[in-house]
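The structure presented is a predicted model; accordingly, all values stated were derived computationally and were not measured.
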Amino acid sequence: MSMVRVRFAPSPTGYLHVGGARTALYNYLFAKKNGGEFILRIEDTDEARSTQESLRGVIDDMVWLNLLWNEGVDPVTLRDQGASGPYKQSERQYIYSEIADNLLNANKAYYCFLTDEEITTQREAAIKAGRPPQVNSPYQDWTLEKAKERLATGDKAVVRFKTRDLKKDYIFTDLVRHEVKFPSDMVGDFVILRSGGMPVYNFCCAIDDHMMKISHVFRAEEHLPNTLRQLMLYEAMGWQPPEFGHISLILDEDRQKLSKRKGAVACGQLKAEGYLASAVLNFIALLGWSHPEGKEIMTVDDMIQAFDVSRLNSSGAVFDRVKFKWMNAMHLRALPNMDLWQEIQPFLAREKMDLPKDPVWQEKSIMAFKTSMETLADAIELYKPLNDISFTILPEAEETLMWEPTKTVLLAWRDLVQASGKDYLSEAEFLKLQDEVKNKTGAKGKNLFMPIRVAVIGKPHGTELKILVPLIKTSSLVTRANKVLEKIG
RNA sequence: GUUCCCAUCGUCUAGGGGCCUAGGACACCUCCCUUUCACGGAGGAUACAGGGGUUCGAAUCCCCUUGGGAACGCCA
């Protein structure tokens, strides 16, 4: 096999969503597995919708996911980087127009002066007659000279690719779904150049894939019909098409294609919600692909090792947030303690918490909370109790406060903590102290620990006290106990 | 409407003619651990869309039906 070169070709018209990320991932994995190259091409021919901000956003998300490319645009400057550029289609117009001219001269394409109204009328009529809504342009029979004369008068025209004289069926072997057969009348004469001269997706795509020597194209199933158009183009230009693999769609809960409109499935949003890039990658990888041994929790390296096109699934997959969250929790736990501490900092910062700077304390806190975190954002609620500013007695504590032994337990607790003379209580010291409270007051079971818990975190349920208490200064424990005692009166 | 694609537990999937009285994972239920919750551990319930073939034998191959999805743009 010659050099493997794959590409991911986003259009900078919005954020990167999980569907796009998965396409990028599969291309990336395939390249890495085969010692090939991964190219990032920017499909920005939609002048109206493409924006610099979107490009920036998509690139940042790719970088966050660590799906880095060998050629494309520089992730920082966004300037071209590589030998097959330009990589932004908007800068490749000279290439497209030259090829369009060739097609025009060869009578394989023609100028079409149909107005929008005329096209709409044709489409409606076609549907009514039970035919696919294709245009049937009267201009396909015009000579190039005649068209150019009209163009010279200032009239605008698109360039359409002529499909009428093509062979009947196009057959190709898809890497994911095996043999696919399209009747050529499935598509009408499609536009390759807009009236402004800007090329259209299928045209650029075929040209760029060829010129950038792309060997394999993995893209979403929605592009299957486009493949027919591109195959026609390859044929017209006498080029060898790449291998195609059309991967299944990611669906929402209603089994519809995951759309930007409906779901919060932007990679950037997942990041903001506290998901790890490694978990996102792991999860989307499994939406349409499986490890030969059924392994579920994987690093990207694991995936590269095991990646095999034959294990790509051809049916659509629902994006299940519940399982995704579980997987994120697994990745969270696999992180070294201090790495996890770093990861939660942006989330804690949102709440302006004042937590100890001592790394020993920090690591201890992570060890205490690691198994209760599903997303990084969960750290906020977990760390809040450690933060004096946010100590409040919650309504759910009311019942405990009304119990008969509560007051005596709290008084004993406060006094013993105060008398300890320590800055922080160790777990053992806390347990011993708790025993003393028990002996002193005769309270046991929930009559004992629930009041104490309220005096520590403001509510009767939550993280184990033996974990929490060693993370809170004794002076703070006393202050908190006093607040609760005040409330009881 | 037309064309194409798809079809195993609620969800992601394993499975490519006998190893399947269908395996794993999430979620769910029960129990254990635990002075709460969580974590962890042990169990449990739940699926081959339907109908025809082919075959000694079909979740696996073929056909039809049904269902779902996608595409039909001067979007990509």
Tabulated below should be each protein N or O lying under 3.5 Å from an N or O of nucleotides 47-49 of chain B; please produce it.
none

Mind checking what makes side chain to side chain donor-acceptor pair (under 3.5 Å) contact with [X], not counting sequence neighbours?
X         : answer
Asp174(A) : His246(A)
Asp209(A) : Arg7(A), Arg41(A)
Ser195(A) : none

- Any Thr371(A) side-chain nitrogen or oxygen under 4.0 Å from OP1 or OP2 of rA38(B): no

- Message: Check this one for me: any side-chain N or O of Asn313(A) less than 4.0 Å away from OP1 or OP2 of rA14(B)?
- Response: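 Result: yes.
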
Under 3.5 Å for both donor-acceptor distances, Watson-Crick or wobble: does [N] have a partner, and if so which one?
N       : answer
rU3(B)  : rA70(B)
rA25(B) : rU11(B)
rC33(B) : none
rU46(B) : none

Excluding sequence neighbours, so at least two apart, what forms ring-ring contact (aromatic ring centres under 6.0 Å, His included) with [X]?
X         : value
Phe347(A) : none
His223(A) : Tyr201(A)
Trp326(A) : none
Tyr111(A) : none

Sequence neighbours excluded and cut-off under 3.5 Å, please list the side-chain donor-acceptor pairs for residues 395-405 of chain A, or say none.
none

- Query: Hey, which of these two, Val318(A) or Met330(A), hits RNA chain B nearer its 5' end, going by closest nucleotide?
  - Reply: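 Going by which nucleotide is closer to the 5' end, it is Val318(A).
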
Between the protein and nucleotides 69-76 of chain B, list every N/O to N/O distance that falls short of 3.5 Å.
residue: rG69(B); atom: OP1; partner: Gln256(A); partner atom: NE2; Å: 2.3
residue: rA70(B); atom: OP1; partner: Lys257(A); partner atom: N; Å: 3.2
residue: rA71(B); atom: OP1; partner: Lys257(A); partner atom: NZ; Å: 2.9
residue: rG73(B); atom: OP2; partner: Arg123(A); partner atom: NE; Å: 2.3
residue: rG73(B); atom: OP2; partner: Arg123(A); partner atom: NH2; Å: 2.5
residue: rG73(B); atom: OP2; partner: Pro133(A); partner atom: O; Å: 3.1
residue: rG73(B); atom: O5'; partner: Arg123(A); partner atom: NH2; Å: 3.2
residue: rC74(B); atom: O3'; partner: Arg194(A); partner atom: NH1; Å: 3.4
residue: rC74(B); atom: O2; partner: Ser195(A); partner atom: N; Å: 3.2
residue: rC74(B); atom: O2; partner: Ser195(A); partner atom: OG; Å: 3.1
residue: rC74(B); atom: N3; partner: Ser195(A); partner atom: OG; Å: 2.9
residue: rC75(B); atom: OP2; partner: Arg194(A); partner atom: NE; Å: 3.0
residue: rC75(B); atom: OP2; partner: Arg194(A); partner atom: NH1; Å: 2.2
residue: rC75(B); atom: OP2; partner: Arg194(A); partner atom: NH2; Å: 3.3
residue: rC75(B); atom: O2'; partner: Asp46(A); partner atom: OD2; Å: 3.0
residue: rC75(B); atom: O2'; partner: Arg49(A); partner atom: NH2; Å: 2.8
residue: rA76(B); atom: OP1; partner: Thr45(A); partner atom: OG1; Å: 2.5
residue: rA76(B); atom: OP1; partner: Asp46(A); partner atom: N; Å: 3.3
residue: rA76(B); atom: OP1; partner: Arg194(A); partner atom: NH2; Å: 2.8
residue: rA76(B); atom: OP2; partner: Tyr201(A); partner atom: N; Å: 3.1
residue: rA76(B); atom: O3'; partner: Glu43(A); partner atom: OE1; Å: 2.8
residue: rA76(B); atom: N6; partner: Asn226(A); partner atom: OD1; Å: 3.1
residue: rA76(B); atom: N6; partner: Asn226(A); partner atom: ND2; Å: 3.2
residue: rA76(B); atom: N1; partner: Asn226(A); partner atom: ND2; Å: 3.1

- Query: His291(A) vs Trp289(A) aromatic rings, parallel, tilted or perpendicular, using cut-offs 30° and 60°?
  - Reply: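 His291(A) and Trp289(A): perpendicular rings.
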
When we call it a touch if two heavy atoms are under 4.0 Å apart, what does [X] touch: a base, just sugar-phosphate, or nothing?
X         : answer
Glu253(A) : nothing
Lys325(A) : nothing
Arg311(A) : sugar-phosphate

- Item | salt bridge (charged side-chain N to carboxylate O under 4.0 Å, His left out) pairs, two or more places apart, involving residues 116-128 of chain A | none

- Task: Looking only at non-hydrogen atoms, find the nearest pair between Asp189(A) and Arg160(A) and report the distance.
- Result: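 Answer, listing the atom of Asp189(A) first, then Arg160(A): O-NH1, 2.8 Å.
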
- Message: Counting primed atoms plus P, OP1 and OP2 as sugar-phosphate and everything else as base, spell out the protein contacts along nucleotides 22-32 of chain B at 4.0 Å heavy-atom distance: B, S or - for each nucleotide, 5' to 3'.
- Response: --BBSS-----

- Query: Val180(A) has a side chain; which of rC5(B), rA7(B), rC12(B) sits nearest to it?
  - Reply: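 Looking only at heavy atoms from C-beta outward on Val180(A), the closest nucleotide is rC5(B).
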
